[in-house]
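The block underneath contains the structure these notes are about, expressed in structure tokens.
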Amino acid sequence: MSRTKDCTPRELQAFVLSKELRDGEMGAAGASAAIPMAAMMLARLTHAPDLQIAGEMFVNPRPRKLYDSMLDDRALGACEAAETFLELFGHSHRGLDFFFHNGMQVDAHGNINLHHIGGTIDAPKMRGPGAANISYAHTSRRFYICTNVHSPRTLVERVDFITSPGYLDGPESCRAAGITGGPRLCVTPLAVMDFDPETLRMRLQSVHPWSSVQEVRDKTGFDLPAADTVPETPLPDSETLALLRQRVDPEGLLRRA
Amino acid sequence: MSRTKDCTPRELQAFVLSKELRDGEMGAAGASAAIPMAAMMLARLTHAPDLQIAGEMFVNPRPRKLYDSMLDDRALGACEAAETFLELFGHSHRGLDFFFHNGMQVDAHGNINLHHIGGTIDAPKMRGPGAANISYAHTSRRFYICTNVHSPRTLVERVDFITSPGYLDGPESCRAAGITGGPRLCVTPLAVMDFDPETLRMRLQSVHPWSSVQEVRDKTGFDLPAADTVPETPLPDSETLALLRQRVDPEGLLRRA
Amino acid sequence: MSAPGRQCKLVEPQDLGRLVTEFLPEGGLLALGGLFKQNRPMALVREVLKSGRRLLRLVSSPGSGFDVDVMIAAGAVAETYLAAVTLEDRMCPAFRGAAERDEIKAHCVDALSVVGGFLAAANGVPFQPVDAWKGSDVIRHNPLVTEMTCPFTGRPLHATRAIHPDLAILHAQEGDIYGNIRHLSTMTYADQMIARAAKRVIVSVDRIVDTDDIVARSRETSIACNYVDAVVHLPHGAHPTGSFPLYSIDEDHIAAYATIAEAARKGGDAERAALADWLDRHVFAPETLSDYLDMIGGGSRLAELEREAEAL
Amino acid sequence: MSAPGRQCKLVEPQDLGRLVTEFLPEGGLLALGGLFKQNRPMALVREVLKSGRRLLRLVSSPGSGFDVDVMIAAGAVAETYLAAVTLEDRMCPAFRGAAERDEIKAHCVDALSVVGGFLAAANGVPFQPVDAWKGSDVIRHNPLVTEMTCPFTGRPLHATRAIHPDLAILHAQEGDIYGNIRHLSTMTYADQMIARAAKRVIVSVDRIVDTDDIVARSRETSIACNYVDAVVHLPHGAHPTGSFPLYSIDEDHIAAYATIAEAARKGGDAERAALADWLDRHVFAPETLSDYLDMIGGGSRLAELEREAEAL
């Protein structure tokens with residue numbers, strides 16, 4: 001199987017995330033979910049045909065193409081069942097196998113901030129959009145952080161406000177708070193990070209072909225441990241990329257800048 | 001308008017109850033509800049065209065004939081909306097304008113027993129069917145008791161178990177329990193009883209043409225106060241009876257013994 | 001019909017015994033869908049009885065009758081959490097007799113305690129607040145309920161505990177092989193809530209439909225596949241209760257049972273033997289659904305019930 | 001079409017100002033249906049703004065955006081209880097600016113506190129227990145939430161208080177003159193729950209349908225007439241948000257507003273005047289819905305949005 005070099009960063013993010021999803025699992029993404037939706041649809045087409053996309057008010061949607069939004073009839077296409085916030089309330093308590101989050105700020109322990117940067121929540125320097133569902137972060141078995149940018153302003157040592165919890169301040173604070181789930185990976189346009197099981201801090205797992213360990217570290221607002229040799233993030237083979245482009249994202253949303 | 005003497009007891013019960021329902025009100029009945037359903041349908045056809053039949057999981061049913069049951073598709077016919085026990089849960093808290101109850105035992109204060117006669121609830125001499133909705137009795141503005149028999153075994157001084165509360169043991173106990181609604185009338189095959197506003201005990205309001213004050217008193221298990229002259233329960237005029245028979249109860253369920 | 005690799009939840013009727021035994025322990029909590037004489041999962045009730053599970057604890061939407069009476073008559077029940085237990089025009093003989101003879105513990109519950117319990121479980125919380133119980137003795141004897149104080153107002157109110165049935169059995173008109181369920185009946189009662197509350201869910205359906213048909217009318221899916229563990233194609237699986245708009249209630253069958261069961265309640269060995277015989281002929285002897293349907297009158301009786309439903 | 005004597009709840013668009021003023025006090029709590037860019041009651045939002053009611057407190061299904069941003073830009077809002085406020089591909093400029101300048105109190109809430117509040121109100125109880133908040137700062141700052149102890153287990157958990165909006169405004173595709181509402185869209189979000197929670201409910205619909213049609217498909221009635229105070233026929237009443245399957249989202253209109261509002265947030269008098277002009281032309285100047293629809297591009301633009309929805 002030949003590798004295809006012209007894969008875009010967003011396509012690679014979708015591919016990396018798709019490989020994480022296991023057959024028979026159930027999960028979903030919230031708003032701004034083009035990449036997660038692509039990951040779920042691609043997983044279904046490759047190794048996880050029984051993947052259940054549910055938990056955000058639609059059950060097993062069949063979108064014909066990708067949209068930036070995810071929670072409207074347009075972006076979902078047809079589905080097997082329509083739920084409401086009533087059922088979402090219950091799912092939020094039971095949790096999903098996996099969920100996806102993005103963030104205005106993401107910190108070294110995978111905590112997510114969508115509320116404010118600078119000041120306080122009552123007198124914010126910059127007020128963010130907030131978030132609808134903050135529960136899936138800890139009720140789900142695991143979640144994935146998927147960001148649109150990789151910059152020192154986005155990836156910070158400690159968020160100003162924890163909208164959705166990652167690993168808080170590490171193992172002790174998670175135990176104190178009763179947190180059992182947490183982020184598995186943080187997938188950015190430049191790299192893939194996972195979490196050190198001892199410290200629960202982010203570490204570099206792989207670097208995308210168009211970037212370097214140096215660039216990733218320069219653009220990360222905290223110290224990012226890595227092995228001596230950091231592997232390159234594997235690109236999708238041509239068949240997989242063709243599936244992504246022809247079946248999941250025929251209009252090329254993930255190929256746009 | 002001529003009076004029609006061949007009205008049956010159950011038809012008269014339906015007619016008496018229909019006159020109680022006011023235009024624009026919302027109410028319902030639970031199980032075993034042929035007479036209440038007839039009363040509601042007749043009220044709609046006569047003086048209360050805007051009567052809303054809702055609160056028991058169907059909204060404004062259009063039955064083509066009467067059934068003894070009330071909570072199945074057969075007995076309801078088509079309706080404007082289908083609800084579930086989820087919505088019933090909320091209605092039960094908000095209450096309705098009116099509701100209908102029957103009882104295995106009904107006592108002088110209008111308390112209703114459907115659970116046991118003799119013994120205790122844990123060791124009953126006779127175990128009754130129980131009841132689904134016990135909340136409408138006190139959350140609704142008022143309710144009506146409609147019995148299939150009038151006997152000293154049914155109409156007792158004090159029920160062995162309060163399934164649905166009437167006026168408990170009178171004004172003081174109602175105040176203590178926070179009860180504000182309560183039974184308006186008790187309509188039996190022999191008579192119509194209302195409640196003395198001072199004592200909240202049943203008293204004789206009118207006697208059906210085929211009975212007498214003496215018979216009613218003989219068949220009531222508690223002392224039944226009455227005015228010196230007890231009026232006869234007015235029968236429906238022939239037009240109203242024709243509506244009941246042709247439009248509401250074309251198969252004559254209320255004419256059977 | 002099945003997409004490659006997707007898990008098919010359609011099971012064969014002969015697998016039901018194994019599934020029931022797997023999902024429902026001895027003494028387990030079993031939930032029944034439908035209400036009174038509509039959408040009761042009667043074929044599945046017979047499977048539970050044939051599985052031999054005993055000492056069951058029963059919960060249901062707040063109106064039950066024939067189904068639980070048959071289960072009690074068959075000796076499979078230890079406790080009931082049932083609000084109203086009635087055949088509507090008459091009482092349930094086995095329920096009444098067993099409660100009076102103290103053979104079952106017939107807990108005193110009402111609609112809100114049961115519905116609140118399903119709702120709490122569906123919501124994933126340990127209890128549901130209730131503020132509509134005044135003056136009734138039901139609350140004084142209700143094991144599901146406790147008093148509490150409103151955390152905002154300090155006002156006294158009640159809480160009913162979450163009910164998580166080990167197994168829920170439901171009947172609906174249509175479903176696909178992945179477990180998406182569609183009620184065609186107007187009334188669906190507590191079926192969706194029970195499916196969301198239960199640990200395991202088996203649904204019998206009168207018809208299997210294509211998933212494309214489910215997708216074409218997705219707002220009509222009443223129970224989504226993610227709540228369902230197994231779906232089984234059992235046409236007329238609600239008999240003698242009704243499955244509208246497909247077939248109506250077999251009142252004669254229910255009345256015949258009630259007469260035999262009432263005689264057994266009041267009578268002696270002969271009457272009890274007659275009830276045992278009824279149970280054997282209707283529950284234990286028929287090997288397949290088709291055998292059962294022959295026993296209750298076969299195609300001509302079923303056609304009558306279908307015509308009655310159509311005429312409504 | 002109206003049955004003799006039955007109350008017709010269909011109101012004329014020109015009566016909406018009076019109704020809004022009657023149902024919604026100054027400083028009142030207003031609930032908005034739909035989510036993000038779908039089924040938002042935009043024509044009713046404009047009526048609320050034209051009514052002159054100010055100091056409003058806003059609550060919504062947990063995803064809001066364009067609608068609340070326009071209301072904040074128009075200076076009608078004092079407080080928000082909104083979980084996510086976003087145009088999805090960009091932030092809401094007026095919301096952000098007003099929160100940063102402390103012109104509105106933007107309470108920190110999440111989906112479960114808002115949904116739990118609607119659910120509690122719909123259920124008729126003073127609070128909803130919640131057991132899914134760990135580690136988030138949202139709970140530390142959430143005025144809807146308090147800590148409590150489970151009355152059964154003694155375990156600590158949370159409660160969110162019942163939300164009873166003074167007025168809910170909703171948009172759906174179809175309704176009858178008695179207020180029976182039918183969503184044709186797949187997603188209905190929290191609309192039914194909000195209708196059950198609110199003291200008063202006004203619903204705009206793209207189409208009025210006959211009650212016989214409602215009765216023929218009663219399981220599809222999404223909000224029953226008993227929850228609705230007024231229904232108003234406002235075709236394209238959700239524009240620029242979508243009303244699927246009838247018409248899609250007018251992303252260009254939303255983007256044009258966002259650019260002007262973002263410039264006003266960052267800029268000076270000229271930019272703020274441009275935003276005021278936008279509001280005047282789109283909200284205050286159009287006397288009728290038809291005037292508004294002409295302003296945003298008229299029949300040809302609407303036809304495009306309809307075609308886009310059809311093509312999905």
Side-chain angles (χ1 to χ4, degrees), chain A residues 30-32 57-58 61 64 68-74 76-79 82-86 88-89 92-95 111 113-116 119-139 159 161-168 173-174 177-180, chain D residues 35-39 61-63 65 82-89 91-92 95-100 102 105-106 108-112 114-116 118-119 122 128 130-141 185-193 241-242 244-245 248-249 308-309 312:
Chain A
S32 305
M57 302 186 288
F58 44 81
R64 295 206 202 159
D68 275 323
S69 58
M70 183 145 176
L71 284 171
D72 59 56
D73 281 19
R74 180 186 66 170
L76 292 169
C79 58
E83 297 197 322
T84 70
F85 275 104
L86 174 72
L88 182 139
F89 190 92
S92 297
H93 279 83
R94 283 185 291 274
N111 300 300
N113 176 16
L114 283 157
H115 271 90
H116 73 96
T120 66
I121 183 67
D122 291 320
K125 188 148 181 292
M126 188 264 197
R127 179 54 153 90
N133 201 314
I134 64 169
S135 297
Y136 280 140
H138 79 86
T139 61
V159 291
F161 184 95
I162 297 181
T163 298
S164 296
Y167 295 116
L168 302 178
S173 61
C174 283
I179 296 242
T180 52
Chain D
L35 190 91
F36 289 133
K37 295 177 186 167
Q38 178 168 339
N39 285 352
S61 73
L82 301 169
V85 187
T86 173
L87 302 174
E88 298 195 269
D89 49 347
M91 289 203 269
C92 279
F95 170 77
R96 179 185 165 185
E100 291 169 6
D102 204 21
K105 176 84 188 129
C108 189
V109 301
D110 78 318
L112 296 200
V114 170
V115 171
F118 289 142
L119 183 54
Q128 169 65 42
V130 179
D131 191 22
W133 284 324
K134 285 176 181 164
S136 172
D137 289 336
V138 172
I139 297 320
R140 280 197 253 280
H141 297 269
S185 55
T186 303
M187 306 290 273
T188 62
Y189 307 118
D191 281 15
Q192 204 219 21
M193 215 187 274
T241 71
F244 299 97
S248 191
I249 300 162
E308 191 180 313
L312 289 174

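Hydrogens, waters and symmetry mates are skipped; everything else that's a heavy atom, side chains included, is used. Throughout, a chain's letter reflects where its sequence line sits, starting with A, and its residues are numbered from 1.
If you tally non-hydrogen atom pairs under 4.5 Å between each of D:V114, D:T86, D:D131, D:T188 and chain A, the highest count goes to D:D131. Of all the listed residues (A:T139, A:L76, A:I134, A:T84), the one sharing the greatest number of non-hydrogen pairs under 4.5 Å with chain D is A:I134. Here D:V138 is the residue among D:I139, D:V138, D:L87 with the most heavy-atom pairs under 4.5 Å with chain A. The residue among A:S135, A:A82, A:C174, A:G130 with the most heavy atom pairs within less than 4.5 Å of chain D is A:S135. Between chain A and the residues D:A309, D:A132, D:G135, D:S248, the most heavy-atom pairs under 4.5 angstrom are made by D:A132. Note on A:I179, A:D68, A:N133: by heavy-atom pairs under 4.5 Å with chain D, the leading option is A:I179. Residue with the most contacts toward chain A among D:G65, D:S185, D:G63, D:A84: D:A84 (heavy-atom pairs, distance under 4.5 Å).
For chain D, the nearby part of A:I121 is the side chain; its heavy atoms alone come within less than 4.5 Å. For A:H138, the part lying under 4.5 angstrom from a heavy atom of chain D is the side chain only. At a 4.5 Å heavy-atom cutoff, the contact between D:F36 and chain A is made by side-chain atoms alone.
Under the 3.5 Å distance criterion, the side-chain polar atoms of A:R74 are left unmatched by any main-chain donor or acceptor of D:G242. Without hydrogens or angle criteria, D:D102 side chain to A:A123 main chain gives no donor-acceptor distance under 3.5 Å.
For A:Y167, the ring-ring contact (aromatic ring centres under 6.0 Å, His included) partners at least two apart in sequence or on another chain are A:F195. For A:R94, the side chain to side chain contact (heavy atoms under 4.5 Å, CB included) partners two or more places apart in sequence, or in a different chain, are A:H91, C:Y227.
Between the SG atom of D:C92 and the CZ atom of A:R127 there is a distance of 11.0 Å, given to the nearest 0.5 Å. Rounding to the nearest 0.5 Å gives a distance of 7.5 Å between CH2 of D:W133 and NE2 of A:H93. Atom CZ of residue D:F118 and atom CG of residue A:L86 lie 13.5 Å apart, to the nearest 0.5 angstrom. Atoms NZ and CG, from D:K105 and A:D122 in turn, are 3.5 Å apart once rounded to the nearest 0.5 Å. Atom CZ of A:F89 and atom CD of D:Q128 lie 4.0 Å apart (nearest 0.5 Å).
When all heavy atoms of A:F85 and D:S61 are compared, the pair lying nearest together is CE1-CB, 4.1 Å.
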